[in-house]
Every structure is written in C-alpha cells, then in structure tokens.
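Structure first, then comments.
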Amino acid sequence: MSFSSNRRDAFDPTLPLDRRASHVRSCAMLVGQKWHVARSIVIEHVLSICDIDLATAITEQEIVKAMAVIENLRQNGLSTS
C-alpha cells in the first residue's frame, strides 16, 4: 500500500484503533524506506518528538499527533524536530 492509502486508513474512524495504529506504523515504515533507515528509527523519532510510542495501543489523539510528525518527517527528513 502507498503512504496516502495508509494515511487515509489511519484516519478512518470506522476502523478499530489497533488497525489504525497499524496503518500509522506502515506510514513510518514507508518514511523509513524513503530516507533509507529502519522503521524503528522513524518510530524513535516520533517518540522523541511527541512522546508517543507507536508500539503500544494508541488513542485517536495520539494517531493524529503521530501522523503529523510522520508527515513532517516524510517531507523534511529525520533531522526535523
């Protein structure tokens, strides 16, 4: 799936939160591929920037915040805070 497909599903309120969180992690993986780093590096950046651990169950608000960070990393690279 593409980044935009995963992004759309991450924001789909009809899906269960755990599935939406999976789509957020997929977005992190795709950003990692773009910048040639492991998904775990992107997840660590999200954790350091907004204190959201994508490995645990996350809330609606955390999905929105995490996706904003991931989209920023996608556009600007991993050195962006």
- request: Kindly work out whether a path of hydrophobic side-chain contacts (I/L/V/M/F/W/Y, heavy atoms less than 4.5 Å apart) joins Val69 to Leu47.
  value: no

query: Just how far is it from atom CG of Leu73 to atom CD1 of Ile49, taken to the nearest 0.5 Å?
result: 5.0 Å

- prompt: For Asn6, what residues pass the side chain to side chain contact (heavy atoms under 4.5 Å, CB included) criterion, not counting sequence neighbours?
  reply: Met1, His23, Ser26, Cys27, Leu30

message: So, taking the atom named OG in Ser22 and the one named CD1 in Ile58, what distance separates them when rounded to the nearest 0.5 Å?
response: 10.0 Å

task: Only pairs at least two apart or in different chains count here, so list each salt bridge (charged side-chain N to carboxylate O under 4.0 Å, His left out) that has a residue in residues 12-37.
output: Arg20-Glu60

Heavy-atom pair of closest approach, residues Phe3 and Met67: CZ-CE, 4.1 Å

Partner residues of Ile41 under the side chain to side chain contact (heavy atoms under 4.5 Å, CB included) criterion, sequence neighbours left out: Val37, Ala38, Glu44, His45, Leu78

- line: Sequence neighbours excluded, the answer for side chain to side chain contact (heavy atoms under 4.5 Å, CB included) partners of Ser2 is Ser4, Ser5

- request: For Ala28 and Val42, work out which heavy atoms get closest and say how close.
  value: O-CG2, 3.6 Å

Sequence-distant partners of Gln61, side chain to side chain donor-acceptor pair (under 3.5 Å), two or more places apart: Thr59

query: Would Ile70 end up clustered with Leu15 when hydrophobic side chains under 4.5 Å apart are linked, directly or stepwise?
result: no

query: In terms of hydrophobic clusters joined by side-chain contacts under 4.5 Å, are Met29 and Val31 together?
result: yes

message: Please list all pairs meeting salt bridge (charged side-chain N to carboxylate O under 4.0 Å, His left out) that have one or both residues in residues 66-79, counting only residues at least two apart or in different chains.
response: Arg7-Glu71

